[in-house]
4 protein chains.
Amino acid sequence: MTQSCGSDRRSMFKAAAMEIACQRGYDGATIKRIAERCGVTVGSIYHHFENKEELFREALRERTFAPVLEKLMQEIAEQPVEEGLFQVAKGFVDFLRERRSLFSILVSEAPHNPECSGLFTEIARRNAGMMRGYFDGKIAAGQLAPIDSGIAVQMFFGHFFNAYLHKERLMMEHLPPVDDEFVRKSIRLLLHSWKQP
Amino acid sequence: MTQSCGSDRRSMFKAAAMEIACQRGYDGATIKRIAERCGVTVGSIYHHFENKEELFREALRERTFAPVLEKLMQEIAEQPVEEGLFQVAKGFVDFLRERRSLFSILVSEAPHNPECSGLFTEIARRNAGMMRGYFDGKIAAGQLAPIDSGIAVQMFFGHFFNAYLHKERLMMEHLPPVDDEFVRKSIRLLLHSWKQP
Amino acid sequence: MTQSCGSDRRSMFKAAAMEIACQRGYDGATIKRIAERCGVTVGSIYHHFENKEELFREALRERTFAPVLEKLMQEIAEQPVEEGLFQVAKGFVDFLRERRSLFSILVSEAPHNPECSGLFTEIARRNAGMMRGYFDGKIAAGQLAPIDSGIAVQMFFGHFFNAYLHKERLMMEHLPPVDDEFVRKSIRLLLHSWKQP
Amino acid sequence: MTQSCGSDRRSMFKAAAMEIACQRGYDGATIKRIAERCGVTVGSIYHHFENKEELFREALRERTFAPVLEKLMQEIAEQPVEEGLFQVAKGFVDFLRERRSLFSILVSEAPHNPECSGLFTEIARRNAGMMRGYFDGKIAAGQLAPIDSGIAVQMFFGHFFNAYLHKERLMMEHLPPVDDEFVRKSIRLLLHSWKQP
DNA sequence: CATGAATGAGCATTCATTCAT
DNA sequence: GATGAATGAATGCTCATTCAT
């Protein structure tokens, strides 16, 4: 009980940290603001976390796409590629939307924060590995052409990350919404030849 | 002469601001650090710029891909699509590498800085517009299938931006280098069908 | 107890702010100096007050002549005008002397600080209103001639404020001290005809 | 010519200094702002004045009521007291209005600026002396009762200074305008008995 | 005479962090 | 566990002043 209570506290702080960092960036997510949102004082946060870095490290590590992807991987195993990729892309975009602070923070902080960079690499690598396995499987099964699965993965995740980033984080109004139609069109664009046959 | 001297000063500050912001982010690029790198004191920077925002706004506005793309557009007009896209992608990656602070700063700051966001949108829109015109021209000329040129542009630029970001900014060592071979492979992946015919 | 402690802290800061502002003006009363006088560091003041403005606003609002005047009003109701005015004038000068920062700050800051100006107006209006009521009552009671009570109030307070200001703030040594004799003489000058009958 | 030209420059700086100080106080009247209003650079001001203090000292010393009062003194010598005082009061208020920075600056700065205080004392003393001579003359001539001319002078100038200060500097809208009617009423209030005979 | 560039001290404010209670 | 008070370093920015040109 006692532990679960402490655990709740920690989770609350982490959630608040993410929310605020999402709106105002890592530097904008001050300990005071996090404390205020939780209705406690700064000292309380330091009772639970060594420092700001630990709070964020832990919060980030918890909010990873990997477990989501793992589950999706099993669900789509038997589906045709087009549908499988749709599910993954949709899951990925939904994930970004829900845990939207994750990537924003990572992208912002990583370039000048080695620890953050390392964490990001670790996460990205794991996801890319899973996805690459999927592509390689489909290639082996003859459902995909012998494409470079490494680059394909980069292109796949990168495209949806970018689309989300530009539309929903940077608020570019002239871009199309990142909805089901967009995802489907994007996958078609990836799978089919751009060149006139 | 006199003017060029003052102009040099401004340029020097802008360059230093970009360099430092690239390494440490916008917040990390303090006026003091910028001044120190230039061998002057804080006040001197404020003699040349109204405030930090003006310094960065001007620096960013100068370091735009648009003029590079404009030139490239003319050079590749007559070339086959595959070669044309290669030139643009290469130019884009080179640009990121040289003026590498641009995107990093924008991506970091834009989500919680409306002005920065507006500037980014403005730049992105212009580039996307040019590139979209290129795609539409090629589609009309029958060299490309009737793809959605809007999404195609997002995918094209997005992929190379991501690749650069992950490899050279976030230092992900497991990723392939963003070199000519990578660019060529990427374009092939975009242009040709991923699916087994 | 806990509350009184925090309250004491705030009061201490306010008192120090007033003291220093009295000696060196609003701009001269820097947060650092206030902190130093209290034996704490700057941050500590910001723990208790949102900003410098709040600190001063609160300090000023606390040091108002209104409550003093209210009490005096009751005490002098039955007394002859000459004595009543003496009590009020004496109370006013004493107030200026004790809380001497109040007027100095207001007069200095008000011309280019709208908030300060508003606060000053509010205070002045309230006091003038009370005093005017007193004059009008005495006129109705036939103890005073039908003078313009509005201007009379201005003249009454204005004279003592000026006398205090010049003698004790601007240290004009050639002026007579603002003591009981001065107050009595001044009131006689107000009440009796300057002209030879 | 050369000198007159330099003299014009100095006058221009002094005038600008006064204007700005009137609007924004002494601290708000920065050398840069004064230079800008004159269309020159900071260095130029320092070519003409040793420092900010000298600039203001000189500007203030030039803008004194004394010469105006001296002239008025002669004009009103033969007039009845009531009219004479009206002329002086009117001249005084007009002076404050035109050179309105003078007193505001002095009142603001004097309390924590010994030099400013000395200057103010000097000016006030001279004016008071002249006015006192006027009152004493009228008393000797039997036109005024044997009042304390020292306090009378304080009351006279003090009242109009205050009225001007509160109405036109502190912008107290509830107060009557400081116009001819106000001046006349005020003088009547000074000269005639407030008490019911 | 005037400029433009620079200085260095200072200011209001913020923030991560500490610690006695 | 939590609080409230405090710290000290840092930040963007201002300003009077200096000086080579």
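Sequence lines set the chain letters: A, B, ... in the order given, protein chains first and strands last, and positions in each chain run from 1.
Between Arg33(A) and Glu19(A) there is no salt bridge, since no side-chain N of the basic residue sits under 4.0 Å from a carboxylate O of the acidic one. Checked for salt-bridge contact, Arg63(D) and Glu58(D) miss the test: no charged N lies under 4.0 Å from a carboxylate O. One finds a salt bridge joining Arg10(A) and Glu54(A) here, because a Lys/Arg side-chain nitrogen approaches an Asp/Glu carboxylate oxygen to under 4.0 Å.
Spacing between atom CG of Asp8(B) and atom P of dA5(E) amounts to 11 Å, rounded to whole angstrom units. Distance CZ (Phe49(B)) to P (dA5(E)): 11 Å, rounded to an integer number of Å. For the pair Asp27(B) CG and dA10(F) P, the computed distance is 16 Å after rounding to whole Å. For the pair Ile45(B) CD1 and dG4(E) C1', the interatomic distance rounds to 16 Å; values are reported in whole Å. Taking atom CZ of Arg10(D) as the reference point, atom P of dC1(E) lies 11 Å away to the nearest angstrom. Residue Leu55(D) contributes atom CG, which lies 16 Å from atom P of dC15(F) at whole-angstrom precision. Atoms OH (Tyr46(A)) and P (dA2(F)) sit 16 Å apart, rounded to a whole Å. Summarising the geometry, the separation between CD on Glu54(A) and P on dT18(E) is reported as 12 Å, rounded to the nearest angstrom.
Judged by distance alone, with hydrogens and angles left aside, the side-chain atoms of Lys32(B) form no donor-acceptor pair with the main-chain N or O of Thr41(B) at under 3.5 Å. Of the possible polar contacts, one joining the Thr121(A) side chain to the Ser117(A) backbone as a donor-acceptor pair under 3.5 Å is found. Judged purely by atom type and a 3.5 angstrom limit, Arg169(C) uses its side chain to pair as donor or acceptor with the backbone of Cys22(C).
Using a 4.0 Å cut-off on heavy atoms, none of the residues of residues 30-37 of chain C approach DNA chain F.
Residue contacts shown for Asn51(C) are limited to sugar-phosphate atoms, with no base heavy atom under 4.0 Å away.
Checking dA16(E), dT7(F), dC1(E) against every side-chain atom of Lys52(A), the shortest atom distance belongs to dA16(E). You'll find that the side chain of His47(B) is closest to dG4(E), out of dA2(F), dG4(E), dC1(E). Closest to the side chain of Val42(D), out of dA9(E), dA5(E), dA2(E), is dA5(E). You'll find that the side chain of Thr41(C) is closest to dA6(F), out of dA6(F), dG8(E), dT17(F).
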| Would you write out the dot-bracket form of DNA chain E, 5' to 3', with Watson-Crick and G-U pairs under 3.5 Å, [ ] for crossing pairs, | for pairs to other strands and . for unpaired bases? | .||||||||||||||||||||

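Atom-to-atom distance recorded for Glu122(B):CD and Thr64(B):OG1 is 8.0 Å, nearest 0.5 angstrom. If you take CG on Leu55(A) and CG on Leu60(A), they are separated by 9.0 Å, rounding to the nearest 0.5 Å.
Residues Lys14(D) and Phe56(D) are not in side-chain contact: their nearest non-hydrogen atoms beyond the backbone lie 4.5 Å or more apart.
Two residues, Gly39(C) and Gly43(B), neighbour DNA chain F, and the one matched to the more 5' nucleotide by heavy-atom proximity is Gly39(C).
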